[in-house]
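Just follow the structure's listing: the first ligand is 1, and inside any ligand the first atom is 1.
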Amino acid sequence: MELKVLGSVSPYPHNGKYGVANLIEEDGYKILLDVGPGSTSLLNMKEDLNNLIIVISHLHKDHYADLLPLAYASYVYKKFGYLNKKIPVYIPYGDKRKNIKSYFYANSWGTEKELKLDKLEDYEFLKSFNKDNYLDFIDYDYNTNIIHGPLNITFNETVHPIKTYSAKVTNSENSIVYSSDTGYKDNGLVNFSKDADLLLCESTFLRGQPKDKDEHLFAYEAGLIAKDANVGELLLTHFWPEEDKQKYVDEAKENFLNTSFAEENKVYKIGEK
Ligand SMILES: [Zn+2]
Ligand SMILES: [Zn+2]
């Protein structure tokens, strides 16, 4: 099983660094976990579109913005005869907002009017996003188990303002857990990533930076999770675009030594295969 990092920063791409995106592959079966802004530039078009499934951890745009160019590419490659089957795109089911207040502060120009929306607009947008593309949108939730060739994917809900899932990808011997975005308290990651070979974990903040709500992790918290879960290796991601990635690694290492940062275009081999 191989992990190729296509993107490791949020919320915008910067100088060769792209929005969070992770391509896992075994025997030609590919899973793209999130597809942040600019990350498709590191896909190997058109080959990577074949035998690919896409899993979006949650519908924040820093995790799915490049679905748009990818959708356009799928349409063109289908027309040219390179793609003969729609690319499945798994998105969190329903996606009811959990925190109506914080959403409206950000979206209603200061008024706190509660609109009666069951579903996030991004969900509605993607569900009807089927013109000029060759994608197939499929809902998933914490119960879903996806099998893609030798790879198996399961999910665990995180602590974040909208429905967000960590994903665990396993083959017969090894496992990679991708945290996606999550707060620290009650996030369930320690259990979910217990003894995983690799934990690919968000580390949005450095100690001292303002984390007013527990919706993301400090780097040292990612280190604590890795230690408590007894994972083999911790790979940090979801950095501020201009920040020095080594700072996050140094902070996480206070708690977990085998830590490094996710680097665009680098391939990480998991297990002996
Ligand atoms: Zn998010
Ligand atoms: Zn994010």
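Inside a sphere of radius 2.8 Å centred on the Zn ion (ligand 1), the protein N/O/S atoms present are His58 NE2, His60 ND1, His160 NE2, Asp181 OD2.
Note that the NZ atom of Lys46 and the CG atom of Leu83 stand 10.0 Å from one another [nearest 0.5 Å].
Checked against side chain to side chain donor-acceptor pair (under 3.5 Å), Asn258 has no partners two or more places apart in sequence or in another chain. In terms of the ring pair (Phe, Tyr, Trp, His ring centres under 6.0 Å) criterion, residue partners of Tyr29 (sequence neighbours excluded) are, by chain and number, His148.
Members clustered with Tyr220: Phe205, Phe218, by chain and number, using a 4.5 Å side-chain heavy-atom cutoff among hydrophobic residues.
Cation-pi geometry between Lys168 and Phe192 is met: under 6.0 angstrom from the ring centre, within 45 degrees of the axis.
Cluster membership for Ile91 and Leu23, using ILVMFWY side-chain heavy atoms within less than 4.5 angstrom, is shared.
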